[in-house]
Amino acid sequence: MIPLSTRAARKKTESTLLSYSRQCLPRPARLYSTATKRANAPAFDAVIPSVPDNYPAFLPALPKLADPTGNISGDPSASDMQAFLRSRTPYTILPPPLPQGRKSELNNLLYTDSPTQDIIAIMDACLHNRYDVSRAKEIFDNLRAKRAEQILHPRLYTAFVEAYLDMAVKEPERRSMWVEDAWALLDSLFSGIERVPVPSGAYALALVAWLRYSSENASILIDGVTNYTPASLLKGIVDNQLSVVTVVSDRSIKSSEEAQKIIQALTSAAVQHNYHDIVRELGKAEELGSSLPDPYSDVPEVRPVVVTTPILNEDGTASGTTKTEVPFNLDVLRKHLAHVSLARRVLSDDLTARQKLLEDSVYDVAVQRMRRQAELFKELGLGDSILKKQDLQLWMWQWHQLLQTRLSDDIALLISQEGSYMEDRRRNYLGPFLSLIKPEMLSLITILEVMRLQGSGGIADGMKTARGLVSVGKAVELEYKAQMCKKNNISVPSTARAGESGFFSRYSYHNLHARRVTARKYMEDAEEWTSDWTQVLRVRVGSFLLDRLMDVAKVIRTGTNKRTGELVEEEQPAFSHSYEYVRGYKLGVIKLNPVVAERMIKDSIRDTMHPRHLPMLIKPKPWLNYNEGGYVYNKSQVMRFKDSQEQQQYLKHASSRGNVELVFAGLDVLGSTPWQINRKIFDVVLEVWNAGIRLGKVPPAVYDEPEPERVPEMETDQKARSVYIQRQRRWLVGKANNHSDRCNVNYKIEIARAFLGDTFYLPHNLDFRGRAYPIPPHLNHVGDDLSRGLLLFGESKPLTERGLRWLKIHLSNLYGYDKATFDERVEFVHKNLDDIFDSAENPINGRKWWQKADDPWQCLATCIELKAALDSPDPLAYECALPVHQDGTCNGLQHYAALGGDARGARQVNLDITDRPSDVYTYVANMVEKRMQEDVERNTDNYKFAKMLIGKVSRKVVKQTVMTTVYGVTFVGARDQIERQLKDRGDVPCEECYFAAAYLAKQVLQCIGDLFQGAYDIMNWLTASARIIAKSVPGERVVDAMELDTGRGSKRKKAVTRLRKEQMAAVVWTTPLGLPIVQPYRKIKRKQIKASLQTVFISDPNAPAEVNSQKQATAFPPNFIHSLDATHMLLTALECRTQGLTFASVHDSYWTHPSSIDHMSSVIRETFIALHSSDVLGRLLNEFRERYAGYKVPVASLKNSQILKQLGILDTAAGITSRRSQRTTKNSNPEAEAAAAVVTAEEEDDEKTTEEETMLEHPPTVSVLSKEQLVQLLKPERERGRQPRAAATTQAQAQQGKSAALEDDSFEGKFVNLVDLLLPVPAKGEFDVKKIKSSLYFFS
């Protein structure tokens, strides 16, 4: 029980926090940090509950654990978590985008179209470096005249005022005009005409303008331009509740002398108006500004090491004089340390300065290294033969020299040409954007981005043209924004820490929100405003740069003349453009020259990596907003939403309302986990790499699979020819993949080498479902086995007795012996201890036991760690930094079983109490094996494939299909998954894999359907809900939806309605942590862009498009489950941070130190129980009812039998049976089944053809039916014996049904309320989720 006085103090503290303004919060120097001791934090009584008798023995008997009722009352943080999850989640509800051709003020505010975005980007580029302020002003004034304030950021107004004042200095002859424009814009801001909040920078600029041109001491006095004085401006500052200290410290005031005069003027005005608090604030600000110590003021310079070299005459003889210079490496070091010294004056932490240096000087370092290597070759007498030397850095240096010269000339020519038709505003200008960054930087960005993209998108030794153009353009945009961030030396907020009450109490939540808002406001005020670019603009910029790179980049390729044996040399382009067929589509690709591709896997590629692809040396910047966090200066988005405007707007609004504080805090926890490189594993990997051999999943330098031999029968036997072609194609794919894998490993090794001896961090962000991923793509713990084997935690902890046991269990799991009991796994390690020691001592030339493991590199790392612990004087005190994992058992099925209370499913995925771990994959594999035995015994049509596959269906073959079945995998997807596994086995003929996989997929899907009926019920409910949402129309749009769409210029008397165009509602839901999820599946229209290389088609995310109802429906179940497992992971991360545990995760695999596994296991169970005790599905249904209240579903969209059956409107007695199930029964032949799969895929989207619009002469009358009236409306169609078209079983019947639908207009104009069609949540089974408290193998 909390004492009354303490509870009153807590209530007072919380109410105070709610009224916090930005001025009440800490100064920027202490932003977003938490005091070591909180003086006024609420206290909790130490109530220690008894530990339940059934609590698992392997978990620590801590006083904070649950009482027998399941309430975690002893732990304030855990009880707060349960209360938080059971409280109502605040929803973010926004209208869907309007269809093409429809506009509204709100729609323009939320969803800016691409032409408007392009105009804003041009305005931004023209403002930068004052490229063309007059043109920017013209655009700005036009937008203001159209009352488009909703798309103009408040900081844009201050950017223009600042530009006007700069132009007053730059153009003295027009000074009066520019100053008048500045004051006019300021006056419209202060008077409220602009209808935007006044930023503090506006008052700072007004004071600067007054000081320069209106004050008594102004050097250039301009009379009559303003009536504003320091007194009137100070009154405005007070009235707008802005901090006067924030105003006088604004970045717009660049001169210390001006700042001092402004402080004095404001102080005098404050004295006149009796603002005593402001007088004190200004006095402190002036005192601090004049007394800030310089840590380097009394430190003498270090004399550098110099070398003396003779100066030669023109003829090469000694002149008798010498010169001294700093050696190259020391010179570069001194330049870099100079940056570090400067950064230290602004940032208090040397590591922060080093991180800034890492992000700031990557291109400079690349240039220095390449230039020095070129000079070295010249000194050695190679000179003009640089290109003949097959060295990647030398090539890149030569390309850079040529490209920057070419860009300088071409950009100057382009600007001159654009200036000649400046009056033609319809033209698309590139000059302003290419002038944002120097040609030298543009050259490096282009080269490094193209080298980075090689092998991407399924293109061997190249990339898709469209992807290359967009990526280069986006890299230029990001570099420009990064330069704007670096410009003002902004201090980096520190990550918030959990208080005594954790993250989930009201006090902690509001405190977290208040601190984040303060830090975000400070960061925004300190940065300059920049605009986002559209995809079209990125393509145009990328095309300009890439075209010139391909023109100047050359290499020398050598070969041997087969007839003469002579060595032949030829200069060839380093990059070429061609076309390839990828999945049946003709795509333009940019290919690397074979010699360049070959060097990519041999040479150092550290110069091709941008800092945004590298780990960080300091803790990542905390997430302050949807686009502010992670790297210090390189811009990152908190969510990877693929340019989805709708998702961005939802996230932006949820963030501004403080609904996603715990999501941001969870990402900060993940990003603040320290890492280091495992030096022992790195040494082994490097030795294997340099040897060029295949070992431990490291690909060989030369592909070692033999090429298929041509057989003589090929010319006469068509089947033999087909078999050879398939094997040859597979071999070529394997060779290309080997090359791609080799390049991928090269990146990992280079990054690991660069960070040896360092502690580093991995900033995280989310995908659109809420799953967390590290932002650095190449080396992270979410990567492959090699990446994970190379990583250790940055902190070590004593192993302890329980930790030593878990280390052994972890080794057994990695080897693949993970389905036995814990004691059996420990015994497995004891039996193989000799092999484990041999692996640790002699990994390459020993018995190679570790190489047989499922995860060989992680296994080797654990072998080394276990040996080191056992060899130490005290194994229990051994300091261990190796992460140990706790993995869920088919985690998606675990969530489904908990949601539905499915006792049978819960036992299969280890939610229930069992003596041994259940293995659902082995269980399904055994069921399939039994079915195949029956087919062989009965000698069915499938005898051939059943006989072929008996004994070959392991758990690995069916694992992926079982895992993804409840995520909505189709027959085609299951077949492809199984086909890949059969090919990997190698004991099934390649030419038979396709049809064998079709047979096996059918067996697996039937077995799973029998086993997880509860999961299927929930999946069907989710699918049905999503289907009707995707078919719905907002109530206010129904009348517009019934208007006739005759088409532009059409003279037809009949037309269809606009119904399809008005179906814009995506499936949106909110996770228990408040994160809004928007499914991005729409029928995106592609835009044709003419580039110099080729015409490319790109999707325009800003163009409104109706939803893809089929994808919205089928993707909802997996996306919803993924959002749940992401929520569970973030809850666990926050709780682990509260309880002092190191934590990392790979989706449903949670990592910590061996000694902390027991503790983390209890947290995993607590968070899972708390999550699934909050009526997840009931809350989802309530959210749908609230979110989609007023939405209408057209009856014409419900004629599909699958929808009617799912909604319970048509029962199975009506003869409505899916054709896929009929074919599954009818087609026992796998060849026929595989051929029918193509038709099946089309029929799964029945509504596409069911909703063939009826041709009408007049708009139909709108009427809204109840659900009962809907049933009555559909009855006559059944009673006439005319089944809905989906019941047809032949193409002829389908066409007949289509014709009938076209003739029948009885459904037109009829709607039903969406909320009336929402089905109740499926009944929950008897399984009690609290049982997992006693489940040993829930996560293991």
Side-chain angles (χ1 to χ4, degrees), residues 89-114 116-117 146-152 195 626 639 641-657 659-660 768 1025-1043 1057-1070 1074-1085 1100-1109 1112 1116 1180 1182-1194 1197 1262 1264 1311-1318:
T89 303
Y91 306 141
T92 302
I93 299 179
L94 300 175
L98 292 180
Q100 192 82 32
R102 297 293 192 268
K103 295 183 179 180
S104 72
E105 185 174 340
L106 180 59
N107 190 77
N108 293 341
L109 170 64
L110 296 175
Y111 312 111
T112 307
D113 58 22
S114 291
T116 304
Q117 191 63 50
K146 294 177 182 178
R147 308 303 298 171
E149 299 93 342
Q150 63 270 15
I151 62 174
L152 299 179
R195 299 188 299 181
Y626 72 98
M639 180 177 283
F641 39 69
K642 297 182 180 179
D643 296 316
S644 170
Q645 270 196 326
E646 194 172 8
Q647 177 67 79
Q648 182 176 353
Q649 288 299 325
Y650 266 93
L651 194 58
K652 181 179 179 180
H653 282 74
S655 175
S656 65
R657 287 167 172 76
N659 295 345
V660 290
F768 78 93
S1025 301
R1027 200 178 296 276
I1028 60 174
I1029 290 171
K1031 293 294 184 182
S1032 66
V1033 177
E1036 63 273 13
R1037 302 294 307 166
V1038 167
V1039 175
D1040 279 1
M1042 289 297 100
E1043 291 180 0
T1057 65
R1058 290 177 40 83
L1059 177 60
R1060 284 203 181 176
K1061 293 184 178 180
E1062 293 287 347
Q1063 291 177 332
M1064 304 288 289
V1067 179
V1068 183
W1069 72 99
T1070 308
L1075 180 68
I1077 308 293
V1078 182
Q1079 292 200 142
Y1081 313 115
R1082 294 182 177 273
K1083 299 174 183 177
I1084 298 296
K1085 299 176 178 63
D1100 183 3
N1102 297 336
E1106 60 267 26
V1107 295
N1108 185 328
S1109 57
Q1112 289 281 344
F1116 181 42
L1180 177 66
N1182 291 334
E1183 179 181 354
F1184 280 168
R1185 287 173 175 164
E1186 184 174 345
R1187 183 179 297 281
Y1188 298 105
Y1191 279 62
K1192 314 297 181 185
V1193 181
S1197 298
V1262 176
V1264 180
F1311 292 83
V1312 62
N1313 288 317
L1314 187 153
V1315 293
D1316 293 341
L1317 295 177
L1318 290 173

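These numbers come from a predicted model, not from an experiment. Heads up: numbering here begins at 1 and tracks the sequence.
Annotation for Ile1028 and Val1193: closest pair O-CG2, 3.8 Å, computed over non-hydrogen atoms. Smallest separation of non-hydrogen atoms from Glu1186 and Tyr91: OE1-CE1, 3.2 Å. The minimum heavy-atom distance between Glu1062 and Pro99, with the atom names listed, is OE2-CG, 3.5 Å. Here the shortest heavy-atom pairing between Val1262 and Met1042 reads CG2-CG, 3.6 Å. For Val1315 against Ala1189, the heavy-atom pair with the smallest separation is CG1-CA, 4.2 Å. The nearest pair of heavy atoms linking Ala1105 to Arg1082 is O-NH1, 2.8 Å.
Ion pairing between a basic and an acidic side chain is recognised when a charged N comes within 4.0 Å of a carboxylate O; Arg102 and Glu1043 show such pairing.
No side-chain heavy atom of Ile1077 sits less than 4.5 Å from a side-chain heavy atom of Val1067. Two residues are said to be in side-chain contact when any heavy atoms from C-beta on lie closer than 4.5 Å; Pro1104 and Leu98 fail this criterion. No side-chain heavy atom of Ile1029 sits less than 4.5 Å from a side-chain heavy atom of Gln1112. Considering only heavy atoms from C-beta on, Asn1313 comes within 4.5 Å of Lys1192 through its side chain.
Taking CZ of Arg1058 as the start and CD of Gln100 as the end, the distance is 10.0 Å to the nearest 0.5 Å. Residue Thr112 holds its OG1 atom at 7.0 Å from CD of Gln649, rounded to the nearest 0.5 Å. Atoms NZ and NZ, from Lys1061 and Lys1083 in turn, are 12.0 Å apart once rounded to the nearest 0.5 Å. For the atom pair CG of Leu94 and CZ of Arg1187, the computed distance is 8.0 Å after rounding to the nearest 0.5 Å. The structure places NZ of Lys1031 at 7.0 Å from CZ of Arg1060, a figure rounded to the nearest 0.5 Å.
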Take Tyr111 and Glu646 through the test side-chain contact (heavy atoms from CB on, under 4.5 Å) and record every step on the way to the result. CA-CA 7 Å; Tyr111 312 111; Glu646 194 172 8; 3.8 Å; yes
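Remark: side-chain polar atoms of Glu1106 are not paired, donor with acceptor, to backbone N or O of Gln1063 under 3.5 angstrom. Arg1037 places no side-chain N or O within donor-acceptor distance of the main-chain N or O of Tyr1191, the cut-off being under 3.5 Å. A donor-acceptor contact shorter than 3.5 Å is absent between the side chain of Gln645 and the backbone of Ala1103. Judged by distance alone, with hydrogens and angles left aside, the side-chain atoms of Ser656 form a donor-acceptor pair with the main-chain N or O of His653 at under 3.5 Å.
Checking Thr1070 against Glu1183 by side-chain atom types alone, a donor-acceptor pair falls below 3.5 Å.
Classification of the Phe1184-Phe1116 ring pair by plane angle, with boundaries at 30° and 60°, yields tilted.
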